[in-house]
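Some notes on the structure that comes next.
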Amino acid sequence: MSGRPPVEELTPAAAAAELADLAAEIARLDAAYYQDDAPEVTDAVYDARRARNNAIEARFPDLVRADSPTRRLGAAPAAGFARRRHLQPMLSLGNVFSEADFAEFCARVRRFLGLAEDAAFAFVGEPKIDGLSISLTYEHGSFVHGATRGDGSEGEDVTANLRALASLPKRLAGAAPALIEIRGEVFMTKADFLALNAEQERAGRKLFANPRNAAAGSLRQLDASITAGRKLGFFAYAMGETSAPVAATHAEYLARLGAWGFAVNPLSRRLKGEGEVLAFQAEMAARRAALAYDIDGVVYKIDDLAWQRRLGFAGRDPRWAIAWKFPAERAETRLEDIRIQVGRTGALTPVAVLQPVNVGGVLVSRASLHNEDEIARKDIRIGDAVVVERAGDVIPRIVAVIVAKRPPGTAPFAFPTHCPVCGSHAVRPAGEAVRRCTGGLICPAQAVERLIHFCARGAFDIEGMGEKTVAEFYEDGLIHGPGDIFRLAAREAEIAAREGWGEVSARKLIAAIAARRRIPLARFIFALGIRRVGETTAKLLARHYGSFSHWRAEMNAAQIMGSEARSTLGNILGIGPAIAEALVDFFAEGRNRAVLDDLAGLLEIEDAEAAGAAQSPIAGKLVVFTGSLTTMSRAEAKARAEALGARVTDSVSRRTDYVVLGAEAGSKARRAAELGVTTLSEAEWRALAGMD
DNA sequence: TCCCCTCGAGTTCA
DNA sequence: CTCGAGGGGA
């Protein structure tokens, strides 16, 4: 800043005067920015003021004012977090753990793009910081809102908190698309984490387990001024929706981000091929400990954005990027007990109770043991010394038993043959891994789990009816079955009188329940918790039957008529014999039918939209590709077609809608002609599918 | 009949 | 997030 002496040369008196000026000035600028939405100065000027203020405060800690800008923020505290849908979903990433895995990833890319086996392509390697990813939306160059990743398609709106991050530009420098989503990572350095925890300890507050949690906890503060007081860093690294292309390669995109004013991880590097990737991975592993922040691996992205588009997604993971994780952290501890949990479907799941041990910054005291065989295979016994691992995922698992440290007198674990809750016989069908309680409707453990599922996200999604509440209400006899939830309104006073409850929370709960009386058919079916019927299958059924009454009638018919009607169920694509049987079993049980009657009287179940109402002309069509395609590989063509709602097979039949002929198409072209199936050239196909 | 992929059901800790 | 089973195509 010109015209001002360097901080080192300030006298205390001059410093005090300047801090007073800065406090007043920054307060005014904040008000203009946050309240009037009319910034008076550029962000660079604003940031320089804050930086100057911070520098002076650092040198004269005694002079920090009560109204110092570092102690408050102009933004009004947010009232809870609204949900915000991302314009484009935020990615998850596939993982690899070795050179061989990575080579396999590259081979898949080559196969998909139809490249030669020795074809080289460039990557960008980026250290994978253990923070929390967020999405920022800029309109006409201005930061308008930001959200956490959430489930990938919808996160929490933390705009006010993000405004408090100095490292995040409020305006993009230079030209930018009218609308653009920018993704990056909010993180805390190891040093700031330790300092924050020391501060927390001094203040008698709870400590954060690791920098990641500290960053998440700091960002997700309802009072944005707390966020402002925490030192959070931000690196931008990815793109979401954009109204205009901004680069041809990822490396260019990163440069663009830098030009706009974002911090981009300086360690990110363009790598010309697999050889350079290996070297980079080794380099990062070696530098990991010395870095200011925690990283758990390196993300490699294919540099060419046109290739990225072609590669697209397999499920939720992009085919054009991969996270190469460092080996998981491990720790040794003692297994104190094995407890058996009973799930919604009656599955008996063994869970290890561990002597709490710190694994990679998190205190682990439990780990799933999956099933009977897993325990037998590893010969896990109560009292054993075990190695616990927390891999890239968060979920700990037991890697092995240290047999040398096994105390005397242990015995192989005897898996119970009866349900620990209701005492019913627990059976394990031949060929299956899971042993299940046969108590069904009489088992209280299953009943609670079913109710929890009923209220959970994706099903009725009743706010305030979490696991604990449901379990307590069930235990105290407030609810026995799903219908009772919708009769709770009559017992509001009783709920308000419960420990930990009050009038306000009871009223809110009743309102949340009332808000869910109307429910789409698919969610309703999913909520029932029918075995083998998850979210996807429930949607499928809802679309097929359209209405609750139709579904119910058909299912009753199937139940009465047995195998014949069961085959009708089998005609729904995606419903095979096992799911059909699960459905018939559910309806065969009188108590389930009673629950349905009960709910039908309490709820308004919305009809599902008619099947196949999709917009693309190829949605629902059966397509066959033959011959060699010139503008894309076979796998790519298939993926694109499926993304547009078509089904792709390899053999031409009467049911085939289109046969797309590549060069040198042979027998399938002939067969298509014989059967009178419509054939398309590759160009015609691209036009029909809207790919050009 | 086999293989590949998707879906369901399970779980940890903050 | 992982594992196992189901579904569907080869």
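Just so we're on the same page: letters track the sequence lines, and every chain starts at 1.
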Does a side-chain N or O from [X] land closer than 4.0 Å to OP1 or OP2 of [N], or not?
X      : N      : answer
A:T536 : B:dT6  : no
A:S365 : B:dT12 : no
A:R212 : B:dA14 : no
A:Q341 : B:dT11 : yes

Nucleotide [N], atom [atom2] - distance to [atom1] of [X] in whole Å:
X      : N      : atom1 : atom2 : value
A:E467 : B:dC13 : CD    : P     : 13 Å
A:R435 : B:dG10 : CZ    : C1'   : 17 Å
A:F625 : C:dA10 : CZ    : P     : 13 Å
A:E374 : C:dG4  : CD    : C1'   : 12 Å
A:N371 : B:dT11 : CG    : C1'   : 13 Å
A:D130 : B:dC13 : CG    : P     : 17 Å
A:E389 : B:dT12 : CD    : P     : 16 Å
A:R397 : B:dG10 : CZ    : C1'   : 15 Å

What N/O pairs connect the protein and nucleotides 3-5 of chain B at under 3.5 Å? Give each pair on its own line.
none

Among the nucleotides [options], which one has an atom lying closest to any side-chain atom of [X]?
X      : options               : value
A:V351 : B:dT12, C:dG7, B:dC7  : B:dT12
A:L363 : B:dA14, B:dG8, B:dT11 : B:dA14
A:R344 : C:dA5, B:dG10, C:dG7  : B:dG10
A:R532 : B:dA9, B:dC7, C:dG6   : C:dG6
A:S368 : C:dG7, B:dT11, C:dG4  : B:dT11
A:A578 : B:dC7, C:dG7, B:dT12  : C:dG7

Contacts of A:R230 that satisfy salt bridge (charged side-chain N to carboxylate O under 4.0 Å, His left out) - sequence neighbours left out: none
Which atom of A:A367 lies closest to which atom of A:R397, heavy atoms considered: CB-CA, 4.4 Å
Aromatic centroids of A:F187 and A:F234 separated by under 6.0 Å: no
Aromatic ring proximity A:F587/A:W551, centre distance under 6.0 Å: yes
4.5 Å side-chain heavy-atom contact, A:W320 and A:V109: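 Answer no - side chains too far apart.
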Pairwise distance CG(A:L541) to CD1(A:I530) - rounded to 0.5 angstrom: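 Rounded to the nearest 0.5 Å, the CG-CD1 separation comes out at 7.5 Å.
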Test applied, side chain to side chain donor-acceptor pair (under 3.5 Å); reference residue, A:S135; option that passes from A:R183, A:R149, A:R84: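 Exactly one option meets the side chain to side chain donor-acceptor pair (under 3.5 Å) with A:S135, and it is A:R183.
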Donor-acceptor pairs are to be reported for all side-chain atoms of residues 338-345 of chain A against protein atoms at under 3.5 Å, with residues two or more places apart or in another chain.
| from | atom 1 | to | atom 2 | distance (Å) |
| --- | --- | --- | --- | --- |
| A:R344 | NH1 | A:G529 | O | 3.3 |
| A:T345 | OG1 | A:R436 | NE | 3.4 |
| A:T345 | OG1 | A:R436 | NH2 | 3.3 |

Contact nearer the 5' end of DNA chain B, comparing A:V364 with A:T345: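 Nearest nucleotide further toward 5': that of A:T345.
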